[in-house]
Chemist: 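I'd like to ask some things about the structure below.
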Amino acid sequence: MDIKKLALLGCYFLFLCIHFSYSQYQAESTFGKGLFNIVGKDSSWTAKVGARMQILAVSSWGETQDRGLGNPEQNFLIRRARLKFDGFVHTPKLRYKLELGLSNRDISGGSEFTGNTPRYILDAVVMWNFYENFELWFGQTKLPGNIERVISSADLQQVDRSLLNSKFNIDRDMGLQLRHHFKLGKKALVREKFAFSQGEGRNVTVGNQGGHQYTSRLEFLPFGKFISKGDYKGADLSREQTPKLMVGVTYDINKDAVRTRSNMGTFMQTDTGLYETDISTLFGDFMFKYRGFSLMGEYAHRDANEPVAINMDGTETGDIVQVGNALNLQTGYLFKTNWEVSARYTHLELDQEITGKNPEEQYTLGLSKYIVGHKLKVQTDLSYLDVDNGMDEVMFRLQLDVHL
């Protein structure tokens with residue numbers, strides 16, 4: 001489907017929503033709560049339609065041979081542009097979510113494994129609360145990985161995610177997820193999340209290419225729930241009046257994986273087809289919030305049985321699994337004026353003998369103005385990338401976020 005057809009389809013869908021809004025009951029909606037909020041006459045279904053965009057400006061300076069900074073590289077782009085649909089059908093226990101990406105960055109990465117077409121679909125998932133605290137998810141959505149990845153790009157504390165996330169996250173996939181939670185004592189909460197997925201990432205159309213991916217995550221909240229699901233949002237916009245903490249551990253194993261970053265990265269090709277190896281990823285993370293102060297920490301480690309792809313004759317293909325580890329620490333303080341200052345430190349260390357890449361450290365200072373929470377905000381940050389025995393880099397970013 002080309003972009004013109006998708007645009008026409010989107011316009012048609014919005015027309016239907018407007019039509020239904022006159023023939024059905026339309027709940028009152030405020031800014032950031034969706035373009036349309038529609039409820040069926042018999043209350044057997046709901047539909048909330050929303051849109052959001054991120055407009056980004058970037059300038060970066062690379063180090064030159066004489067250790068100075070070269071001329072800046074500049075770029076203006078629509079970082080994200082998305083349509084979101086969610087609600088329930090038949091019963092509030094059967095929810096759905098559909099999210100489409102329209103920007104070039106959202107839909108890039110098409111290949112023979114995705115039908116050589118843009119990857120419009122981000123999320124298409126049905127969530128069924130079938131018994132007490134048990135919920136079954138079916139479809140394409142984010143796997144229960146590290147905190148920073150599961151936090152929506154709409155709710156980030158800084159302009160974008162860290163180097164840890166860009167190298168090690170397990171992103172979205174197609175499959176099943178089982179989720180459950182229970183209380184310990186009066187306040188403490190435990191959440192369990194399990195996923196069984198295809199293992200090749202989102203929008204793959206050619207069937208399973210290797211084995212399958214298995215993900216398990218355990219979360220412990222000793223002081224109870226965060227306000228407004230703040231454990232998966234950047235900044236303490238709710239200004240928690242009592243300390244809140246979430247500690248989580250995720251273990252992911254992708255059997256016979258065929259991509260360089262588990263279910264992400266490039267497909268590993270050999271002279272006989274796709275190269276397969278088991279890839280495991282471990283995350284340990286936490287989120288703490290109290291009275292405008294927030295602190296998030298993440299550790300990631302990735303390993304593979306045979307990380308270097310080889311042909312039948314034993315020669316290397318050039319494809320390598322990105323094995324290694326990373327540490328990410330991020331903190332911020334939200335003033336009563338809804339200005340926030342934030343800082344981030346990331347250490348990335350891929351296995352140098354295997355990948356040939358030197359360790360990297362990145363330091364980032366951020367400034368955000370939340371006009372209407374995460375729904376309307378302006379964010380800027382300045383980063384310094386220090387590469388061992390390599391060329392360092394300075395990057396400045398400015399971004400406007402609007403969510404309808």
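FYI, the numbering just counts along the sequence from 1. What you see is a predicted model; the values in this text were computed from it and never measured.
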Chemist: State whether K244 and D231 are salt-bridged, where the test is any N-O pair (Lys NZ or Arg NE/NH1/NH2 against Asp/Glu carboxylate O) under 4.0 Å.
Modeler: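 So K244 does not pair with D231 through a salt bridge.
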Chemist: With a 3.5 Å distance limit and no angle check, can you tell me whether H180 reaches the backbone of V190 through a side-chain donor-acceptor pair?
Modeler: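 No, because the side chain of H180 does not come within donor-acceptor range (under 3.5 Å) of the backbone of V190.
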Chemist: Can a donor-acceptor pair be found between the side chains of Y345 and Q362 at a distance below 3.5 Å?
Modeler: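 Looking only at side-chain atoms, Q362 and Y345 do not form any donor-acceptor pair under 3.5 Å.
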Chemist: Does the ring center of F88 lie less than 6.0 Å from the ring center of Y96?
Modeler: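 When the ring centroids of F88 and Y96 are compared, they turn out to be at least 6.0 Å apart.
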Chemist: Is it true that E148 and R344 make a salt bridge, defined as a side-chain N closer than 4.0 Å to a carboxylate O?
Modeler: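 Answer for the salt bridge query: yes.
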Chemist: Below 4.0 angstrom, N of the basic side chain to O of the carboxylate: do K93 and E135 qualify?
Modeler: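 No, K93 and E135 are not salt-bridged.
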Chemist: So, T215 and D252: side-chain donor and acceptor under 3.5 Å apart, yes or no?
Modeler: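 Present: a donor and an acceptor within the cut-off.
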Chemist: Can you see whether N203 engages T114 through a side-chain donor-acceptor pair at a distance of less than 3.5 angstrom?
Modeler: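 Their side chains do not contain a donor-acceptor pair, so the 3.5 Å distance test is not met.
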Chemist: For the side chain of Q74 and the backbone of V58, is there at least one donor-acceptor N/O pair under 3.5 Å apart?
Modeler: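 It does not hold such a pair.
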Chemist: What I want to check is whether the side chains of N208 and Q198 have a donor and an acceptor closer together than 3.5 Å.
Modeler: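 Note: N208 and Q198 side chains miss the donor-acceptor criterion.
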Chemist: Inspect the surroundings of CZ in F130 and state if more than 12 heavy atoms from other residues, nucleotides or ligands are less than 6.0 Å away.
Modeler: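 Yes - once you tally the heavy atoms of other residues, nucleotides and ligands closer than 6.0 Å, there are more than 12.
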Chemist: Kindly give the heavy-atom pair with the smallest separation between Y290 and P243, and that separation in Å.
Modeler: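 Looking at all heavy atoms of both residues, the closest pair is CD1-N, 3.4 Å.
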Chemist: Is R52 salt-bridged to E99, going by a charged N under 4.0 Å from an acidic O?
Modeler: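 Answer for the salt bridge query: yes.
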Chemist: Quick check for you: to the nearest 0.5 Å, what is the distance between R261 atom CZ and I279 atom CD1?
Modeler: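 Reported to 0.5 Å precision, the distance equals 10.5 Å.
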Chemist: With side-chain contact (heavy atoms from CB on, under 4.5 Å) as the criterion, how do M268 and R259 come out once you've worked through the C-alpha distance, each side chain's angles and the decisive distance to 0.1 Å?
Modeler: CA-CA 6 Å; M268 297 182 287; R259 303 184 72 170; 5.8 Å; no
Chemist: Centroid separation under 6.0 Å, is that true for the rings of Y333 and F335?
Modeler: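 Yes - the distance between ring centres of F335 and Y333 falls below the 6.0 Å cut-off.
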Chemist: Run the side-chain contact (heavy atoms from CB on, under 4.5 Å) test on L385 and V387 for me, step by step, so that the C-alpha distance in whole Å, both residues' side-chain angles and the decisive distance to 0.1 Å come before the verdict.
Modeler: CA-CA 6 Å; L385 179 65; V387 182; 4.0 Å; yes
Chemist: For Y363, look at atom OH and say whether over 12 heavy atoms of other residues, nucleotides or ligands are found less than 6.0 Å away.
Modeler: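 It does: Y363 OH has more than 12 such atoms within range.
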Chemist: Decide yes or no for S153 and R161: does some side-chain heavy atom of the first lie under 4.5 Å from some side-chain heavy atom of the second?
Modeler: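 Yes, side chains in contact.
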Chemist: We want to know whether T141 and D123 form a side-chain donor-acceptor pair, criterion being a heavy-atom distance below 3.5 angstrom.
Modeler: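 Yes.
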Chemist: Between L329 and G297, which heavy-atom pair has the shortest distance, and what is it?
Modeler: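 Of all heavy-atom pairs spanning L329 and G297, the closest is CD2-CA, 3.9 Å.
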Chemist: Checking side-chain polar atoms at under 3.5 Å, does Q157 have a donor or acceptor matched by the opposite partner on Q330?
Modeler: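 A pair is found: one side chain offers a donor N or O, the other an acceptor, under 3.5 Å apart.
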Chemist: Verify the distance criterion only: is there a donor paired with an acceptor across the side chains of Q352 and N358 at less than 3.5 Å?
Modeler: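 Present: a donor and an acceptor within the cut-off.
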Chemist: Whether the side chain of D386 engages the backbone of E360 through a donor-acceptor N/O pair (distance < 3.5 Å, no angle test) should be reported.
Modeler: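 Not confirmed, D386 side chain does not pair with E360 backbone.
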Chemist: Considering the options K187, K183, R191, H181, which one meets the side-chain contact (heavy atoms from CB on, under 4.5 Å) requirement together with L221?
Modeler: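 Result for side-chain contact (heavy atoms from CB on, under 4.5 Å) with L221: R191.
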Chemist: When you check the side-chain N and O atoms of Y299 and N325, is any donor under 3.5 Å from an acceptor?
Modeler: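 There is no such pair between these side chains.
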Chemist: Do the numbers put R95 on top of the ring of W128, so that NZ or CZ is under 6.0 Å from the six-membered ring centre and no more than 45° off the axis?
Modeler: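 No.
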Chemist: Would you please say whether a donor-acceptor pair under 3.5 Å links the side chains of Q379 and Q158?
Modeler: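 Side-chain D/A pair, Q379 to Q158: absent.
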Chemist: Can you find a side-chain donor-acceptor pair between D303 and H301 that sits under 3.5 Å?
Modeler: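 Result is no, nothing qualifies.
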Chemist: How far does OG of S368 sit from NZ of K377, to the nearest 0.5 angstrom?
Modeler: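 Reported to 0.5 Å precision, the distance equals 7.0 Å.
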Chemist: Looking at K357, K167, R302, which one forms a side-chain hydrogen bond (donor to acceptor under 3.5 Å, both in side chains) with Q322?
Modeler: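 Answer after filtering K357, K167, R302: K357.
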Chemist: Got a second to check how far R149's CZ is from T250's OG1, nearest 0.5 Å?
Modeler: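 Rounded to the nearest 0.5 Å, the CZ-OG1 separation comes out at 13.5 Å.
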Chemist: With no hydrogens and no angle check, just 3.5 Å: does a side-chain donor-acceptor pair link N328 and T346?
Modeler: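 Result is yes, a qualifying pair exists.
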Chemist: If we ignore hydrogens and angles and just use 3.5 Å, is the side chain of T331 paired with the main-chain N or O of S294 as donor and acceptor?
Modeler: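 Here the side-chain-to-backbone pair exists.
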Chemist: Quick check on N71: does its CG atom have over 12 non-hydrogen neighbours (other residues, nucleotides or ligands) under 6.0 Å away?
Modeler: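 No, not enclosed.
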Chemist: Any side-chain donor paired with an acceptor under 3.5 Å for Q399 and R397?
Modeler: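 No, because no side-chain N or O of Q399 sits under 3.5 Å from a partner of the opposite role on R397.
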Chemist: Under 3.5 Å, is there a donor-acceptor pair linking the side chains of R80 and S103?
Modeler: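 Looking only at side-chain atoms, S103 and R80 do not form any donor-acceptor pair under 3.5 Å.
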Chemist: Under 4.0 Å between a Lys/Arg side-chain N and an Asp/Glu carboxylate O for D106 and R119?
Modeler: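 Not counted as a salt bridge, because no side-chain N and carboxylate O are separated by less than 4.0 Å.
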Chemist: Taking N338 for its side chain and L334 for its backbone only, find out whether a donor-acceptor pair lies under 3.5 Å.
Modeler: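 No, the answer is negative, given that no donor and acceptor are paired below the 3.5 Å cut-off.
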Chemist: Answer yes or no: does atom NZ of K369 have more than 12 heavy-atom neighbours from other residues, nucleotides or ligands under 6.0 Å?
Modeler: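 Enclosed.
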Chemist: Quick check: does any side chain N or O of D155 sit under 3.5 Å from a backbone N or O of I151, one acting as donor and the other as acceptor?
Modeler: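 No.
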